[in-house]
Structures are given as structure tokens and as C-alpha cells.
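As the structure lists them, so they are numbered: ligands from 1, and atoms in each ligand from 1. Side chains are part of it too, since the values below use all heavy atoms of this structure and drop only hydrogens, waters and symmetry mates.
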Amino acid sequence: MRKKTFAGVLAITAFAASAIVASGQTTPATLTLHPDQPVAAVSPTLYGLMTEEINYSYDGGLYAEMVRNRTLRGDWSGIGYWYLVEGGNARAKMEVDGFTGPSAALPKSLKIEIEQADARNQAGVLNVGWWGMALHHDTEYKGSFYAKADSASLGPITVSLVNDITGKAVATSTVSGIGADWKQFNFALKTGALEPSATNHLVISAGHAGTLWLQLVSLFPPTYHNRANGNRIDLMDKLAAMHPAFLRLPGGNYLEGDHINERFEWKKTIGPMVDRPTHRSPWNYQSSDGMGLLEFLEWCEDLHMQPVLAVYAGYSLAQEHVNPGPDLEPYVQDALDELQYVTGGADTKWGAERVKDGHPAPFKLTYVEIGNEDMFDKSGSYEGRYAQFYKAIKAKYPQLQLISTMPLKNMKPDVQDDHYYVRATQNFADASHYDKVDRNGPKIFVGEWATREGSPTPNMGAALGDAAWMTGLERNSDLIVMASYAPLLVNVNPGGMQWETDLIGYNAMKSYGSPAYYAQVMFASYLGDHTVASKLENAGPKLFYSATINTAKKQLYLKLVNASSDPQPIQIALPGAQPKAMAKLIRLSAPDTQTTNSIDDPNRLVPVESPVHDVSSSFSLILPGYSIQVLQIDLQ
Ligand code: AHR
């Protein structure tokens with residue numbers, strides 16, 4: 001009897017039904033859906049990605065470089081993450097040499113003076129990586145460095161990966177021919193049988209006395225799509241599963257920098273690594289700029305995303321701004337050059353530069369954002385700055401959609417970027433935020449949003465807040481052209497996090513998705529092209545839904561979020577529709593809002609897929625307490 005009334009997953013149904021009887025407080029809600037009555041088009045670019053150099057998202061994260069401080073920067077405490085190696089009775093010293101380097105961008109280097117060493121007792125330096133170096137068995141790691149020596153008698157250099165626990169080299173290579181002039185050398189380190197671990201470091205050493213200078217020491221594991229200078233495979237796989245339609249780049253605060261001279265200067269992030277000077281990020285560490293403008297664009301290419309390019313617009317976080325007018329002109333020109341680098345042909349100055357950098361094909365670009373969060377600019381200069389960029393960009397690229405970072409009084413931007421960092425209760429209260437927003441105003445980009453509960457990654461309570469909010473995004477995606485959770489990534493090692501509540505956590509060895517990550521995956525994986533007419537009755541304040549249809553596939557995607565601790569029975573009516581009897585249910589649920597995943601318990605909460613039998617034009621489900629579900633109903 002119950003099976004007929006409440007189709008669904010029987011085990012869960014039985015549990016939930018008894019809970020209802022016991023508490024006696026939840027009456028069935030009724031949801032009526034009209035799949036034959038499309039209401040509004042769903043933006044095909046609704047879900048995308050946003051992150052920046054924060055929480056070691058690129059360096060020590062997505063960007064697969066294994067060497068930390070590869071440009072050998074020193075400070076009062078030494079040369080970070082680099083240490084001297086003196087085997088046996090070998091003797092050496094190291095220091096930053098401010099007078100020699102391989103390029104104008106990297107004019108300094110690490111000088112290693114070896115007073116005494118022999119083949120068995122070598123001297124040199126070691127690098128500890130990003131909280132270790134993850135090594136796997138039978139894997140090739142490709143490395144390089146720039147080097148010069150004071151004399152050929154220094155002999156070949158040994159490069160090894162050494163296990164921290166055993167002190168034994170697990171892969172070794174030699175580099176010969178280091179001479180008096182700076183030159184780049186490549187090497188490969190191949191592991192054999194070993195237990196995968198991150199407790200490893202890189203050693204560069206010599207068996208003779210002499211002086212060696214090093215710069216830009218680099219080591220990469222196999223990368224996503226085998227790109228040189230590429231991205232971590234596990235993280236790219238996780239991002240791909242989010243079905244992102246766009247990437248907002250190069251970031252929020254990271255675009256602006258604390259000071260104008262610490263902004264993301266795209267021209268200093270292109271070309272060979274040796275020509276990139278690196279720069280300080282506002283999140284308090286140096287960015288290697290290995291993830292430069294072209295790498296961002298290639299990341300888009302790899303995941304079939306379109307770039308949403310944010311250009312620096314003359315405001316930096318320490319209340320530094322550039323006045324609109326002649327002062328701003330060089331910044332406007334810089335943005336125009338950037339657009340040409342991204343979209344121009346080989347016959348344009350900056351398009352040719354991109355071709356030289358290895359990417360002949362121009363990138364498709366639709367959206368350009370002018371600045372970031374300019375409501376924090378207390379000078380009030382944004383209206384003028386936006387207008388100046390708008391005029392110059394539209395004159396050359398009338399087809400581009402230009403995004404403002406705050407509401408404007410004097411003109412209507414094409415798109416307005418809204419940001420929300422809130423608690424779950426706020427998202428429950430505000431899930432209908434855009435329902436009544438004027439459709440004659442600018443289109444909306446929710447460029448940063450998150451329910452901030454849980455650290456370093458969100459818990460189930462946050463996932464429920466997010467899912468409730470996303471039902472509102474989908475319902476209003478005639479207005480909301482794009483939306484992206486932020487921040488996306490966090491290195492969970494001590495000191496790795498600058499911003500609490502980030503979607504995906506990792507260390508050198510492994511990564512995991514938070515419950516909120518899985519909510520994103522579920523929502524983006526099942527998104528139709530239109531919303532359908534619907535009505536919810538008798539529901540409590542913590543039940544949220546969205547219904548979209550893929551008209552070509554004749555599939556209805558119903559998202560149901562029960563943010564209450566109590567189970568929620570629901571009667572679903574599809575008047576006039578002929579659903580196939582078997583539907584697919586994907587559910588994420590937890591016993592408590594604080595339940596979460598972690599680096600050591602990555603799969604505590606994952607979506608579970610199950611069939612739903614006996615679906616008809618009127619059927620019932622029980623939504624467990626604290627649950628997010630997608631129901632895919634195939635229509636005949
Ligand atoms: O996502 C973290 C930060 O939040 C972004 O850099 C900034 O735009 C916002 O304030």
C-alpha cells in the first residue's frame with residue numbers, strides 16, 4: 001500500500017514514513033508540474049567556475065608545479081622551502097645572488113658554493129615542495145632548471161627525488177654540460193615500484209667543488225591532457241564533473257591586487273616562464289604566474305568553458321584608484337590589448353603574440369567584466385571608469401557583453417555582477433531573491449556566491465543553503481545568465497587557507513569534494529533548457545524546488561531540497577503528461593547539518609543514484625530530512 005502511495009527508494013521510504021508517523025508533524029506537500037508549458041528559457045551558461053590565486057588554488061593546487069618557490073626568492077629568514085644538502089663531510093653554502101639571473105624578469109638566482117664534495121658525499125640544495133611532493137609508482141616527472149657554473153670541473157649535476165622517511169632516492173637523473181652562461185636544462189625522473197606518498201623532496205647536488213647558480217627550478221607530474229606547464233589531473237576531473245559553461249578569470253581581489261602595482265598585469269604572465277617576474281597576490285603570498293593569461297584560456301579549452309574575462313579597471317584594494325580621463329587611458333589601452341591577445345588574428349599585434357606563445361587559434365569571447373567589486377572604491381570613481389572602458393571596448397568590439405561590478409546610476413550595463421557570501425538561513429530566506437527583479441534592467445551574473453558554513457570546506461548545512469539558492473538561480477535564469485560559486489579550491493594543509501569555506505579541498509596527494517561540491521555537480525548535470533509551469537502547495541518554509549525540461553530529450557529535471565530535519569512527503573502531479581514508469585533519483589542526504597567530507601574521509605557524503613518505480617501522472621515521494629535530490633523523469 002505504502003509502495004503505491006510513495007513511490008521511490010523503498011528502504012528510505014520505510015524509514016521516512018515511520019518518522020512521519022512518530023512525529024506526526026509533516027503533512028504532504030503537493031507539487032503540480034506542467035512539462036508542456038515552458039515558462040522561461042534557462043541560460044545555457046548558467047553554471048560556471050570562479051577562483052583565483054587564493055588558498056594555494058593554483059600554486060600548490062591546480063597548477064601542477066611540484067617545486068615551491070621555484071624562482072628562489074629569499075627573505076630575512078632564508079630562501080623559502082629550499083635547504084642546503086651536505087652529505088657526509090661535504091661542505092657548501094647558499095645565498096641569493098642579486099647580480100645574476102637568466103632574464104630581465106628573473107635577474108637574481110640561487111648561488112651554491114661547494115667547498116668540498118665527492119661522488120658519495122654530494123653537496124647541493126633540496127626543495128620540500130607544496131607540503132611535500134606526491135609521487136606515484138612507475139611515473140615520469142619532467143623537470144627543468146636554468147643553471148650556470150664557475151667552471152666545468154663542477155661536473156654533472158645529480159637530480160633526485162628522495163623519500164623523507166627512508167632518505168633513499170626513488171628516482172635519479174644527471175644533468176651535464178653546465179657552463180659559464182645561463183642555459184635551460186631538462187631532465188626526467190622516473191619512479192619504479194613504490195608506495196604512493198607525498199613525503200618526498202627534490203635534491204639537486206654535485207660531487208665536486210665549485211660554484212653553481214640556479215633559477216626557475218621546475219618539476220611536473222603527468223598533467224591533464226598532457227599539457228606542458230599544465231594542471232593536476234584529479235582536480236581537473238573534479239571540475240569537469242561540474243559541467244562548467246564558463247570560467248571567470250583571473251579572479252576577484254586577485255585581479256585588483258592590494259596596490260595598483262600588484263594588480264594582475266596580464267602582459268607579465270604570458271610567454272616563457274623565464275620572462276614572468278611573478279607578483280604578490282592580495283592573499284599574502286607570491287604568485288608564480290605559471291597560471292598566466294594563456295594558461296587560464298587553455299584551462300577553458302580543456303573543459304569546454306568560455307572565458308569570462310575580467311580586465312583591471314583602475315581600482316586596487318588599498319583604496320588606490322585611477323581617475324577617469326587621461327590617467328585611465330593606459331589601463332583602457334591595456335584592456336584593449338588584452339582583448340586582442342585573446343580574440344585577435346595573427347595579423348594583429350597581440351594576436352601574433354598569442355600565436356608566438358603557441359596558440360594560433362583565437363578564443364571565443366562573449367563577456368568582459370570591468371573590474372571587481374568596485375562598490376568598495378570609496379572615491380566613487382567607478383561610474384566614470386566603467387563608462388570609459390565601455391565606450392572604448394564597444395567601439396572596437398560591439399558584440400561583447402560588458403559586465404559592471406555594481407549597480408550603476410548613469411547607464412545600464414549589459415550585465416551586472418552580484419556577490420553573496422551568506423549563512424544557510426539567509427539562503428533559505430532569500431531563495432526567491434530574483435523572482436521579482438525587473439526584467440528591463442541589466443542581465444545578472446552572480447559572479448561569486450557561497451553559503452559559508454564549514455571549514456576548510458562546506459558541510460551539509462551549507463550544501464542545503466546552496467541548493468535552496470540554486471533553485472532560485474534556475475527559476476530566474478532568464479535573467480541570470482551566469483552564476484559561479486566562490487572560492488572553488490583550498491589546500492587543506494596548515495597555513496594553506498586564507499578564506500574559509502571552499503568547495504574542493506586537497507593536499508599534494510589527493511583531493512575531495514565537499515557536500516556543497518556534490519550539490520553543484522547534481523544541479524549542473526541535470527539542467528534543462530526551459531523552466532516549466534509549476535505550483536507548490538502545503539509546503540513548509542524549508543522545501544525548495546526547481547523544474548526544468550530538456551525539450552529535445554523530453555526529460556524533466558526536478559530538484560527538490562528538504563532543508564528541514566524532518567522528512568517531507570510530497571505528492572507530485574503531472575497533469576496531461578505521460579511519464580515513463582521508471583525515473584532516476586540522485587540524492588545527497590545527511591543525518592545532520594554538520595556532517596561533512598574531509599581529506600581523510602572524502603566520501604562520507606556522496607550522491608546516491610537509484611531508480612524510482614511506478615512513476616505516473618500522479619505519484620508520491622518522501623524526501624528525507626536534510627536532503628537534496630534530482631529526479632529525472634523521462635516523458636513519452
Ligand atoms: O572569493 C573571495 C573574494 O571574495 C574575492 O576575491 C572577492 O572578489 C570577494 O570579496
Side-chain angles (χ1 to χ4, degrees), residues 47-62 239 242 244 246-260 262-266 279-287 289 291 296 308-321 367-378 382 385-386 403-407 415-423 426-427 444-458 462 465-466 469 482-492 496-505 514 516-517 520:
Y47 292 117
L49 305 181
M50 189 276 167
T51 191
E52 59 188 351
E53 191 53 275
I54 184 175
N55 305 321
Y56 297 92
S57 289
Y58 307 144
D59 291 346
L62 183 67
L239 300 182
M242 293 172 71
F246 68 88
L247 171 69
R248 176 173 175 236
L249 67 95
N253 291 167
Y254 184 58
L255 170 74
E256 309 162 272
D258 280 337
H259 303 281
I260 293 176
E262 291 178 357
R263 69 193 185 278
F264 183 82
E265 273 192 84
W266 71 271
H279 82 286
R280 185 166 175 75
S281 106
W283 300 103
N284 292 328
Y285 58 94
Q286 193 76 9
S287 169
D289 287 327
M291 181 69 83
F296 275 112
V308 174
L309 180 67
V311 296
Y312 179 75
Y315 167 69
S316 294
L317 296 160
Q319 289 305 318
E320 293 176 13
H321 80 277
Y367 293 103
V368 174
E369 181 154 11
I370 316 292
N372 177 61
E373 292 190 341
D374 289 84
M375 59 281 198
F376 292 121
D377 170 12
K378 292 190 189 132
Y382 187 61
R385 291 189 285 109
Y386 181 86
I403 306 171
S404 74
T405 70
M406 58 180 273
V415 183
Q416 177 183 301
D417 183 358
D418 292 347
H419 293 179
Y420 302 90
Y421 291 109
V422 297
R423 299 281 191 216
Q426 287 164 272
N427 266 339
I444 298 294
F445 172 28
V446 186
E448 294 181 29
W449 68 269
T451 308
R452 296 187 71 199
E453 294 188 23
S455 175
T457 49
D466 287 354
W469 176 247
M482 297 178 289
S484 40
Y485 184 102
L488 198 59
L489 301 167
V490 61
N491 189 314
V492 299
M497 181 179 74
Q498 288 85 49
W499 179 281
E500 284 190 355
T501 316
D502 309 285
L503 206 61
I504 297 170
S514 61
Y517 164 79
Q520 296 268 334

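For ligand 1, the protein residues placed under 4.0 Å by at least one non-hydrogen atom are Glu52, Gly252, Asn253, Trp283, Asn372, Glu373, Tyr421, Glu448, Pro487, Trp499.
Relative ring orientation between Trp449 and Tyr485 is described as perpendicular, the plane-to-plane angle rising above 60° on a 0-90° scale split at 30° and 60°. Classified by interplanar angle (parallel below 30°, tilted 30° to 60°, perpendicular above 60°), the ring pair Tyr421/His419 is perpendicular.
The aromatic ring centres of His279 and Tyr254 sit less than 6.0 Å apart.
A side-chain donor-acceptor contact under 3.5 Å links Asp374 to the backbone of Asn372. A donor-acceptor pair under 3.5 Å links the side-chain atoms of Gln498 to the main chain of Asn55, judged by distance alone.
Residues Phe445 and Ser484 come closest through the heavy atom pair CE1-OG, 3.7 Å.
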